[in-house]
> 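Below: one structure in structure tokens.
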Amino acid sequence: MDMNIFFILASLLVGLASGRQGVGPGDQDWGYVTVRDGAHMFYWLYYHAQTTAQPLVIWLQGGPGASSTGYGNFEELGIVDENLNVRNTSWVNHVNVLFIDNPVGTGFSYVDSYDLLTTTNAEIAADLVTFTGQFMDTYPQFKTVPLYIFSESYGGKMAAEYGLALDKAIKAGTVEAALKGVGLGDSWISPIDSVLTWAPFLLQTGMVDTEGHDYIDSYAQQTKAALDNGQYEQATDLWGATENAIFVATDGIDFYNILTKVGGSRRFFSMKDIVKKHQLRDDASLERLMNGIVKETLGIPAQVEWGGQSGYVFNYLYGDFMKSVTNIVEQLLDETDLTVCVFTGQLDLIVDTPGTLDWTERLQWAGSQQWLVAQRNSLVVNGYIEGYKKVYGNLHFYWLLRSGHMVPADNPYGALKMLQEITNYQ
């Protein structure tokens with residue numbers, strides 16, 4: 001054999017995964033990392049065919065309390081969907097993907113005692129940094145592979161602080177990883193900006209009339225007042241009341257995508273119902289899958305129920321829920337070399353585009369004025385405009401068209417184009 005061909009083949013083999021057969025095709029691996037005594041974080045890794053030649057993308061779900069290994073994996077970007085059909089637009093076709101059930105208590109992650117659940121975003125970030133260090137020691141081939149943290153909803157709030165804390169740990173030499181960027185999708189970065197723009201967004205899209213707008217806005221203003229007064233738990237209560245006002249005014253609009261068809265009935269929801277809707281959009285079939293075939297295939301301990309502690313996860317973060325982390329995003333932009341990608345689904349109501357644009361345009365960082373006047377360009381895929389983007393310095397903002405809260409599911413081609421531009425996968 002020609003020696004040049006031999007070395008090429010050898011280098012390709014080094015990049016191949018050595019994982020296990022899980023759910024769906026391709027090499028996979030999974031397991032637990034104990035991030036604190038009694039706090040066990042579950043992960044599920046999907047290898048790209050040429051592992052070390054492509055970036056590693058972490059996916060963090062929202063809620064808090066929604067499972068990445070469930071929702072992000074089977075409903076958005078994993079190798080198979082909930083019916084176990086192969087997804088042609090899976091991110092795993094292009095990059096290595098690591099789903100983490102975070103915070104502890106989410107999905108298959110669990111705590112031995114509820115007092116080990118996190119109560120602040122900083123505690124969540126600390127657990128994730130600990131996880132990353134142990135993960136990299138277990139899979140040292142990823143220590144030099146470009147690493148990106150992508151996220152959705154409340155996952156974005158966690159991802160921002162995680163990214164900043166991990167960058168500091170890498171610089172301090174306590175964690176070895178090649179972190180390159182953070183993706184904040186429909187992210188709960190500044191909750192009050194979402195709440196305050198719900199009424200005008202619904203009015204402008206024809207979902208409510210002026211009376212409905214004023215009814216919703218009255219609750220939104222009460223939410224802001226509580227937040228301004230430092231009454232954080234009351235602000236979370238009033239956030240729930242504002243969502244209930246929307247359900248009443250719209251006869252039950254779908255918060256994930258305002259164009260989704262819904263049954264015609266005026267509904268009232270308890271706070272428990274509202275929290276569940278944010279954690280679990282369509283929980284019944286996915287729950288059966290996760291606690292059935294998935295649990296059996298992965299050998300999850302019998303006493304662990306997928307989603308069994310999720311409600312407690314939200315409750316323990318109740319006082320932190322409405323707090324803004326725009327200052328963390330500013331630090332990412334000013335104090336790191338990381339790419340910061342903010343993306344928003346046009347039809348999302350939970351974290352609507354107007355609210356996301358509001359907090360982004362108010363950010364104070366070295367390039368803020370230049371970013372405001374930077375040119376906005378079309379995101380073209382296969383000859384069609386799938387969105388728009390604006391870039392200056394390390395801030396990249398993407399508007400994704402025809403998509404709601406779950407962008408990779410609603411507009412997979414636009415999402416993949418964005419992923420390619422941010423991660424530069426080959």
Side-chain angles (χ1 to χ4, degrees), residues 22-24 28 30 41-46 57-85 87 89-92 97-110 124 128 149-159 183-188 254-257 260 274-295 297-298 300 304-314 317 343 345 347-351 400 403-412 415 419:
V23 178
Q28 305 163 29
W30 57 87
M41 191 172 288
F42 181 75
Y43 67 90
W44 195 347
L45 170 66
Y46 286 78
V57 171
I58 291 173
W59 181 264
L60 299 179
Q61 211 67 34
S67 163
S68 297
T69 65
Y71 293 96
N73 188 4
F74 290 99
E75 292 195 351
E76 299 192 63
L77 55 99
I79 199 67
V80 294
D81 61 22
E82 321 183 43
N83 298 313
L84 304 184
N85 295 319
R87 178 181 283 116
T89 55
S90 172
W91 288 20
V92 184
V97 180
L98 176 61
F99 296 101
I100 306 174
D101 279 346
N102 166 79
V104 286
T106 299
F108 285 130
S109 294
Y110 67 98
I124 293 171
L128 284 166
I149 304 166
F150 272 77
S151 56
E152 181 178 280
S153 197
Y154 202 90
K157 183 175 182 177
M158 299 185 290
L184 310 174
D186 292 300
S187 292
W188 202 236
D254 189 323
F255 267 73
Y256 286 80
N257 188 316
T260 299
I274 289 171
V275 169
K276 189 174 182 181
K277 279 182 173 293
H278 275 261
Q279 292 175 330
L280 314 168
R281 185 182 189 186
D282 179 21
D283 62 315
S285 59
L286 186 59
E287 185 175 351
R288 287 193 296 271
L289 174 67
M290 298 302 289
N291 281 318
I293 294 173
V294 172
K295 183 174 178 177
T297 302
L298 304 189
I300 303 298
V304 177
E305 179 186 359
W306 181 82
Q309 296 181 344
S310 291
Y312 295 98
V313 171
F314 187 97
L317 288 162
F343 60 100
L347 304 174
D348 182 22
L349 180 56
I350 299 175
V351 188
L400 277 303
S403 59
H405 196 60
M406 304 172 93
V407 169
D410 290 346
N411 188 346
L419 179 71

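Small disclaimer: the values here were computed from a predicted structure and weren't measured.
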> Given side chains that start at C-beta, do those of I58 and L128 come closer than 4.5 Å, heavy atoms only?
no

> So which atom in A159 and which in I149 form the shortest heavy-atom distance, rounded to 0.1 Å?
CB-CG2, 3.8 Å

> Kindly indicate whether the side chain of D410, heavy atoms from C-beta on, has any atom under 4.5 Å from the side chain of L347.
no

> Which distance, rounded to the nearest 0.5 Å, do you find between the CE of M290 and the CD of E82?
10.5 Å

> Could you grab the distance from atom CZ of F150 to atom CG of L419, nearest 0.5 Å is fine?
5.5 Å

> In Å, rounded to the nearest 0.5 Å, how long is the span from CG of L349 to OH of Y256?
11.5 Å

> Considering all heavy atoms of both residues, which atom of N73 and which atom of I79 are nearest to each other, and what is their separation?
OD1-N, 4.2 Å

> Is S68 close to D101 at the side-chain level, that is, under 4.5 Å between some pair of heavy atoms?
yes

> Any heavy-atom pair between the side chains of V23 and F74 that's under 4.5 Å?
yes

> Taking ring-ring contact (aromatic ring centres under 6.0 Å, His included) as the definition, give me every residue that meets it alongside F343, ordered by chain and number, with sequence neighbours left out.
none

> Is there a donor-acceptor contact under 3.5 Å from the side chain of S67 to the main chain of T106?
no

> Quick check for you: to the nearest 0.5 Å, what is the distance between L400 atom CG and D348 atom CG?
11.0 Å

> Please identify each residue that fulfils side-chain contact (heavy atoms from CB on, under 4.5 Å) with I300, with sequence neighbours left out.
Y32, F42, F108, K295, L298, V304

> Taking all non-hydrogen atoms of both residues, which atom of Y154 and which atom of G63 are closest, and how far apart?
CB-N, 3.6 Å

> Does W306 offer a backbone N or O that forms a donor-acceptor pair with the side chain of N291 under 3.5 Å?
yes

> For R87 and E75, work out which heavy atoms get closest and say how close.
NH2-C, 3.6 Å

> Of all residues at least two apart in sequence or in a different chain, which pass the side chain to side chain donor-acceptor pair (under 3.5 Å) check with S403?
none

> So, taking the atom named OH in Y71 and the one named CG in L286, what distance separates them when rounded to the nearest 0.5 Å?
5.0 Å

> Using modelled atom types and a 3.5 Å cut-off, is there a donor and acceptor pairing between side-chain atoms of N83 and backbone atoms of N85?
no

> I124 vs L317, test: side-chain contact (heavy atoms from CB on, under 4.5 Å). Steps then yes/no.
CA-CA 10 Å; I124 293 171; L317 288 162; 3.9 Å; yes

> Using the ring-ring contact (aromatic ring centres under 6.0 Å, His included) criterion, which residues pair with Y46? Sequence neighbours excluded.
W44, F99

> Nearest 0.5 Å please: distance from the OG atom of S153 over to the CG atom of L60.
12.0 Å

> Could you tell me which residues satisfy side chain to side chain donor-acceptor pair (under 3.5 Å) with E152, sequence neighbours excluded, listed by chain and number?
Q61

> Considering residues at least two apart in sequence or located in another chain, which fulfil the side-chain contact (heavy atoms from CB on, under 4.5 Å) criterion with I293?
L84, L289, T297

> Minimum heavy-atom separation for P103 and S109, please, with both atom names.
O-CB, 4.4 Å

> Are the side chains of H405 and F255 in touch, meaning some heavy atoms are under 4.5 Å apart?
no

> Would you check if S187 and S151 make a side-chain contact, meaning some heavy-atom pair closer than 4.5 Å?
yes

> Flag the pair D186 / V407 as yes when at least one side-chain heavy-atom distance between them is below 4.5 Å, and no otherwise.
yes

